[in-house]
Amino acid sequence: NLIEKHKVNILPTSPTFLNLMLLDDNFDPKKLLSLKLITYGTERMSEVLLKKTNSFLPNIKLLQTFGTSETGILKTISKSSNSLFFKIVDEEKEHRIVDGELYLRSKTSVKGYLNHSNDNFKSDGWYATGDLVEIDDEGFIKIIGRKNNVINVGGLKVLPSEIEGVINSIEGV
């Protein structure tokens, strides 16, 4: 109602919020006609939710954002509104991928935490995010899971996001 009333153009949000909004029986896409852009981040977006969001809101551009408490928000571009791939285009921050994990370095990064394990903070200034990523042939990356959430099933490594994707693709879930 507030988006409609105030003619809001941009909605920064999270996948959890989008999911709750789409599940709400009172959700009415016609009340969002003023929206031009929805940015989402802070957690991994599932393929199923992205498709559902695009089908309910086909005229709104979706932009994936990325950042960490330790390094701050990074400037990104999404490959498209219906893709989970994004590219970091931030001149103030560096990124690299080491063994499938995203590492970041920034002049404004924190150095670590008091009375806490600081294993993710490397001596050369890099921060290991714990985010496992895929990279495509154009240099776009996609978050596929968390390093500490990999499930070992008889020697096979399985990401919870893979299981979640199968479950969420079932009608009625």
Side-chain angles (χ1 to χ4, degrees), residues 1-90 93 95 100-104 110 113 116 120 127-136 140-151 157-173:
N1 289 335
L2 290 173
I3 290 171
E4 182 181 41
K5 178 181 176 182
H6 297 288
K7 307 276 188 263
V8 174
N9 297 124
I10 300 172
L11 177 64
T13 191
S14 68
T16 296
F17 180 87
L18 289 170
N19 191 46
L20 291 172
M21 181 178 72
L22 295 176
L23 289 172
D24 188 331
D25 291 335
N26 296 315
F27 173 67
D28 181 2
K30 291 182 213 131
K31 292 186 175 194
L32 304 180
L33 292 177
S34 65
L35 277 181
K36 306 288 183 243
L37 174 67
I38 294 175
T39 65
Y40 62 91
T42 71
E43 61 186 275
R44 190 186 63 78
M45 169 77 90
S46 74
E47 297 264 356
V48 172
L49 179 57
L50 183 62
K51 285 178 186 174
K52 189 189 249 186
T53 304
N54 273 302
S55 73
F56 276 98
L57 306 169
N59 298 319
I60 300 173
K61 181 179 178 180
L62 300 176
L63 171 67
Q64 186 170 180
T65 60
F66 185 81
T68 69
S69 301
E70 295 80 7
T71 61
I73 303 292
L74 289 84
K75 293 178 188 168
T76 61
I77 56 171
S78 291
K79 191 167 191 174
S80 71
S81 287
N82 58 6
S83 173
L84 294 175
F85 283 89
F86 66 96
K87 193 177 276 188
I88 297 171
V89 292
D90 197 321
K93 297 174 177 67
H95 72 282
E101 181 180 1
L102 181 61
Y103 278 57
L104 300 173
V110 299
Y113 294 104
H116 191 273
N120 287 22
Y127 175 69
T129 64
D131 291 310
L132 297 175
V133 298
E134 276 180 25
I135 187 164
D136 74 2
F140 285 85
I141 59 177
K142 176 172 105 171
I143 307 293
I144 58 171
R146 297 281 300 158
K147 186 176 180 178
N148 60 354
N149 287 344
V150 175
I151 302 167
K157 306 297 185 212
V158 180
L159 292 169
S161 58
E162 294 175 277
I163 298 165
E164 178 187 34
V166 171
I167 292 170
N168 283 336
S169 67
I170 299 170
E171 187 66 34
V173 172

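Because only heavy atoms are used, hydrogens play no part in the values below, and waters and symmetry mates are left out as well, while side chains stay in. If you read the sequence from its start, that first residue is 1, and numbering goes on from there.
- K147 NZ: 12 or fewer foreign heavy atoms inside a 6.0 Å radius.
- Side-chain contact between T53 and I60 is absent, with no heavy-atom pair separated by less than 4.5 Å.
- For G41 against P15, the heavy-atom pair with the smallest separation is O-CD, 3.4 Å.
- For the pairing with L104, the side chain to side chain contact (heavy atoms under 4.5 Å, CB included) check across T68, D90, D131 returns one residue only, T68.
- For the residue pair Y113 and S69, the shortest heavy atom distance occurs at OH-CB, 4.4 Å.
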Notebook entry, point to check: Going through the checks in order, is the side chain to side chain contact (heavy atoms under 4.5 Å, CB included) test met by L23 and K52?
Noted result: CA-CA 10 Å; L23 289 172; K52 189 189 249 186; 4.1 Å; yes
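- For S80 and S83, the side-chain atoms include no donor-acceptor pair closer than 3.5 Å.
- Residues S34 and N9 share a closest heavy-atom pair of O-ND2, 3.1 Å.
- When side chains are defined from C-beta on, V8 does not count as touching L2, because their heavy atoms never get closer than 4.5 Å.
- For the pair T65 (side chain) and Y40 (backbone), a donor-acceptor distance under 3.5 Å is present.
- For residues 6-32, no residue pair satisfies the salt bridge (charged side-chain N to carboxylate O under 4.0 Å, His left out) rule, not counting sequence neighbours.
- Side-chain contact between L57 and L35: absent, with no pair of heavy atoms (C-beta onward) separated by less than 4.5 Å.
- The line from OG1 of T76 to CG of L63 is 4.5 Å long, rounded to the nearest 0.5 Å.
- Relative ring orientation between F66 and F86 is described as parallel, the plane-to-plane angle staying below 30° on a 0-90° scale split at 30° and 60°.
- Within the 4.5 Å cutoff, the side chain of K142 has no heavy atoms near those of the Q64 side chain.
- Rounding to the nearest 0.5 Å places OG of S55 at 11.5 Å from CG of N82.
- L74 and G67 make their closest contact through CD1-CA, 3.8 Å (heavy atoms, listed as atom of the first residue, atom of the second, distance).
- T16 has its side chain within reach of E43: a pair of non-hydrogen atoms, C-beta onward, lies under 4.5 Å apart.
- Counting heavy atoms from C-beta outward, N54 and S81 have side chains that approach closer than 4.5 Å.
- The one candidate from L102, T129, V133 that meets the side chain to side chain contact (heavy atoms under 4.5 Å, CB included) condition with H95 is L102.
- By the ring-ring contact (aromatic ring centres under 6.0 Å, His included) test, F17 is found to be paired with no residue, residues two or more places apart in sequence or in another chain being considered.
- Between the side chain of N120 and the backbone N or O of Y127, no donor-acceptor pair lies under 3.5 Å.
- Not a single donor-acceptor pair under 3.5 Å links the side chain of N19 to the backbone N or O of L49.
- Taken to the nearest 0.5 Å, the CD1 atom of I141 stands 11.5 Å off from the CG atom of L132.
- Residues L18 and M45 are in side-chain contact: their nearest non-hydrogen atoms beyond the backbone lie under 4.5 Å apart.
- Every residue meeting the salt bridge (Lys or Arg N to Asp or Glu O under 4.0 Å) condition with K79, not counting sequence neighbours, appears here in chain and number order: D136, E138.
- Looking at L32 and F27, their side chains come closer than 4.5 Å, going by heavy atoms from C-beta outward.
- Side-chain atoms of E101 come within 3.5 Å of backbone atoms of G130 as a donor-acceptor pair (strictly under, hydrogens ignored).
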